[in-house]
Amino acid sequence: MANFYLDNKDLQLQFDHPLMARVIALRERGFGEKESYDFAPQNEADALENYRLVMELAGEICGEVLAPNAEGVDHEGPHHEGDRVTYAEGTKQNLRAMHAAGLDGLSLPRKYDGLNFPLVAFVMVNEMIARADASFQNVWGLQDCAETLNEFGSEEQKERYLKMTAEGATWSMALTEPDAGSDLGAVTLKATWCEECQTWLLNGVKRFITNGDGELSLVLARTEEGTTDARGLSMFVYDKRKGGLKVRRIENKLGIKGSPTCELVYTDAPAELVGDRRMGLIKYVMSLMNAARLGIGAQSVGTCEAAYQEALKYARERRQYGKPIIEFTAVSELLTTMKAKTQGVRALLYETARFVDIYKQLEALAKERRPEGDERQEMKHYSRLADAFTPLVKLFSSEYANSLAYDAIQVHGGSGFMKDYPCERIYRDARIMSIYEGTSQLQVVAAINGVTKGTFRAQIDRYAEEPFSEAMQPCVERLKALTARFDVMLARVEALDKEVAGYKELHARRLVESVGYLTIGYILAREATHYPENYESSARIFCRLAEGKIGEAEATILTSEPSDVALFKAE
């Protein structure tokens, strides 16, 4: 039987990371809920065993239900019927299987019928789902909207809508509009208070809304008359049972065809304000988008794994000149590089998830009581890391999803261009990942502050101080030398940016990618120290990748002149 957890040692090892002890301690608050819920863990070991058992169950569903349904879902797609969306039959089966397994509301508090699992586990399920069918991850994975409601909603809202989530209700986040894509400050969908019905009413249009006909949605709308910027926007929760919403159409997409991407029309649609007015974009959507970017990171890593597995399988089976093509160096080099990249971005994904987990739980704890001892500093520390690493993981994983999907087709040769093999669907699905929830270019804009403010550099130094095995010492020495070369690059960019505005922007991606390669290189070297049989080869390969990529960035930056800013101005 196929099981996407049991066949992936990388996933199983994530729960052995030392930071998991802190994650569990913050999640369980002294394991006080064991008296109220018979499924609550008794201690740390019990919590870890619960995570593993549930991941094994999720892995089985992904391998035995979702993956076999993926091609049919891609072919059938959702239907637009009577201003509503009907899922493909395979999608319906997937939702039923996930709910029957008790996986809905995975990370929500137990008092709202959730399992109170950490973000690491939620990310892991999303990765396995995406490996099976990236489009279904866009349906089930949008439960992270419920996390935002849990963080900012009223107790009444949480009691009602979070329990609906645990009962299997699907979500969407209605943010973008025809004239407001990445520029969410330009949102015009209007929310007005109705005295007669004592509720807010939504009027306007949203476009490119993933799973737009979900049973519940978070909607960004303009509440303040006369405003045209972010300060006039508020967040609402909408229950489609209350009416007032029509699906105008489902977009005809290149990939992720199983998830309906909708254009929505709101006409006096009743909705509830979440949190405070005017904080919709400034506070709540920023939190929601960070969660979504981590979700796309999981989707992208799952896609990397799917692409690698399909390429590996084909290379073992396909024979040319009397032997499997995997025995040809050109093919085996491509495959081992695919594996190294996949393990690299997966390591970055779960490192980020742990940072976010600790930060979010400390933030929640600070709302319950006054922070003790070093808790406030700890929260600031992990907040900085979460803010820096989230766009980095979205950038790297989504770009790798595209390149590995490309490589998978290359391994298949002409057969990969046909619809006979899953790699064709994987290739189409991957293309959106570096676009939605913020393009790669916008991830660079978000991550560059972590470069210039020293957040990444300080963390790289922490990695460098960790103990490494003798086998990993050559890699570590290479990474240290690359770090010194990076420091020279950064100093040059910062100096010339003072002379010519825009010089830092010109080289921002090179700087962000350089710290990304250093970061992933160190994490893989650390993992190879503890689990050499699983990571040693990939760590060495990735260090070579880092040398090439950072060397390329260095060659460009050190020969670039201030006048180059004008050279790259598009006409």
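Counting from 1, the numbers follow the sequence of the chain as shown.
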Quick one: do Glu533 and Lys9 satisfy salt bridge (charged side-chain N to carboxylate O under 4.0 Å, His left out)? Show the steps, please.
CA-CA 10 Å; Glu533 70 287 349; Lys9 190 70 172 176; over 6 Å; no
Is it true that, when you exclude Glu505 itself, more than 12 heavy atoms of the residues, nucleotides or ligands shown sit nearer than 6.0 Å to its CD?
no
Set out, in order, the CA-CA distance, both residues' side-chain angles and the distance that settles side chain to side chain contact (heavy atoms under 4.5 Å, CB included) for Leu218 and Met235, then state yes or no.
CA-CA 7 Å; Leu218 293 177; Met235 177 70 80; 3.7 Å; yes
Answer yes or no: are there more than 12 heavy-atom neighbours, outside Lys257 itself, under 6.0 Å from its atom NZ?
yes
With distance as the sole criterion, is a donor-acceptor pair present between the side chains of Arg346 and Gln343 under 3.5 Å?
no
Nearest 0.5 Å, please: how far is CG in Asp461 from OH in Tyr522?
8.0 Å
Regarding Tyr535 and Asp10, do their side chains bring together a donor and an acceptor under 3.5 Å, going by distance alone?
yes
NZ/NE/NH1/NH2 to OD/OE distance under 4.0 Å, Glu437 and Arg293:
no
Looking at CE of Met289 and CD1 of Ile296, how far apart are the two atoms once the value is rounded to the nearest 0.5 Å?
9.0 Å
So does Lys313 have more than 12 non-hydrogen atoms from other groups sitting under 6.0 Å from NZ?
no
Around atom CZ of Phe328, are there more than 12 heavy atoms from other residues, nucleotides or ligands closer than 6.0 Å?
yes
If you compare all heavy atoms of Leu66 against all heavy atoms of Ala132, which two are closest, and at what distance to 0.1 Å?
CB-CB, 3.7 Å
Any donor-acceptor pair under 3.5 Å from Ser234 side chain to Arg278 backbone:
yes
Which residue is it: Cys304, Ser434, Ser300? I am looking for the one with a side-chain contact (heavy atoms from CB on, under 4.5 Å) to Asn402.
Ser434
How close do Ala186 and Asp179 get, heavy atom to heavy atom, and via which atoms?
CB-O, 4.1 Å
Any donor and acceptor pair, going by atom type alone, linking the side chain of Glu305 with main-chain N or O of Met128 inside 3.5 Å?
no
Would you call the rings of His412 and Tyr421 parallel, tilted or perpendicular if under 30° counts as parallel and over 60° as perpendicular?
perpendicular
Inter-residue atom distance Arg222.CZ - Thr227.OG1, 0.5 Å rounding
4.0 Å
List the steps, then state whether salt bridge (charged side-chain N to carboxylate O under 4.0 Å, His left out) holds for Glu547 with Arg478.
CA-CA 8 Å; Glu547 280 186 318; Arg478 284 179 175 178; 3.8 Å; yes
So, Asp357 side chain and Leu119 main chain: donor-acceptor pair closer than 3.5 Å or not?
yes
Would you find more than 12 non-hydrogen atoms of other residues, nucleotides or ligands less than 6.0 Å from Asp16 atom CG?
yes
Which heavy atom of Ala58 sits nearest to which heavy atom of Val125, and what is that distance?
CB-CG2, 4.1 Å
Answer yes or no: is there a donor N or O on one side and an acceptor on the other, between the side chain of Arg510 and the main chain of Thr556, under 3.5 Å?
no
Thr210 OG1 to Glu251 CD distance, which is reported to the nearest 0.5 Å:
10.5 Å
Heavy-atom pair with the smallest gap, counting every atom of Tyr284 and Thr148:
O-CG2, 4.2 Å
For the residue pair Phe117 and Phe122, is the inter-centroid distance of their aromatic rings smaller than 6.0 Å?
no
First locate atom CE of Met55, then atom CG of Leu106, and finally report the distance between them rounded to the nearest 0.5 Å.
5.0 Å
Taking atom CD of Glu333 as the centre, does the number of heavy atoms from other residues, nucleotides or ligands within less than 6.0 Å exceed 12?
no
Backbone N/O of Val493 and side chain of Lys504: donor-acceptor pair under 3.5 Å
no
Judged by atom type as modelled, is there a donor-acceptor pair below 3.5 Å linking the side chain of Gln12 to the main-chain atoms of Tyr5?
yes
What are the two closest non-hydrogen atoms of Arg428 and Leu254, and how far apart are they?
NH1-O, 3.0 Å
When Asn126, Asn138, Asp429 are each screened for side-chain hydrogen bond (donor to acceptor under 3.5 Å, both in side chains) with Gln299, the one that passes is Asn138
Would you tell me whether Gln14 and Arg354 have side-chain atoms, one donor and one acceptor, within less than 3.5 Å of each other?
yes
Taking Tyr503's backbone N and O only, do any of them form a donor-acceptor pair with Asp497's side chain (distance below 3.5 Å, no angle check)?
yes
For residues 381-401, run the donor-acceptor check on the side chains, cut-off 3.5 Å, and write out each pair with its distance to 0.1 Å, sequence neighbours left out.
{"residue": "Thr390", "atom": "OG1", "partner": "Ala386", "partner atom": "O", "Å": "2.7"}
{"residue": "Lys394", "atom": "NZ", "partner": "Met433", "partner atom": "O", "Å": "2.8"}
{"residue": "Lys394", "atom": "NZ", "partner": "Tyr436", "partner atom": "O", "Å": "2.8"}
{"residue": "Lys394", "atom": "NZ", "partner": "Gly438", "partner atom": "O", "Å": "2.8"}
{"residue": "Ser397", "atom": "OG", "partner": "Val393", "partner atom": "O", "Å": "2.6"}
{"residue": "Ser398", "atom": "OG", "partner": "Lys394", "partner atom": "O", "Å": "2.6"}
{"residue": "Ser398", "atom": "OG", "partner": "Leu395", "partner atom": "O", "Å": "3.3"}
{"residue": "Glu399", "atom": "OE2", "partner": "Ser440", "partner atom": "OG", "Å": "2.6"}
{"residue": "Glu399", "atom": "OE2", "partner": "Arg509", "partner atom": "NH2", "Å": "3.3"}
{"residue": "Tyr400", "atom": "OH", "partner": "Tyr517", "partner atom": "OH", "Å": "3.2"}

Looking at Glu536 and Arg540, is any side-chain nitrogen of the basic one under 4.0 Å from a carboxylate oxygen of the acidic one?
yes
Could you go through the salt bridge (charged side-chain N to carboxylate O under 4.0 Å, His left out) check for Asp7 and Arg131 one step at a time?
CA-CA 12 Å; Asp7 73 0; Arg131 174 182 166 186; 2.9 Å; yes
Closest non-hydrogen atom pair between Glu177 and Leu189, with its separation:
OE2-N, 2.9 Å
Sidechain-backbone polar pair: Ser332 side chain, Glu327 backbone, donor-acceptor under 3.5 Å
no
So, taking the atom named SG in Cys423 and the one named CG in Asp407, what distance separates them when rounded to the nearest 0.5 Å?
11.5 Å
Would Lys360 and Glu147 count as a salt bridge (charged side-chain N to carboxylate O under 4.0 Å, His left out) if you check the C-alpha gap in whole Å, the side-chain angles of each, and the deciding distance to 0.1 Å?
CA-CA 11 Å; Lys360 286 292 186 182; Glu147 286 289 346; over 6 Å; no
I'd like to know whether CZ of Arg492 has more than 12 heavy-atom contacts from other residues, nucleotides or ligands below 6.0 angstrom.
yes
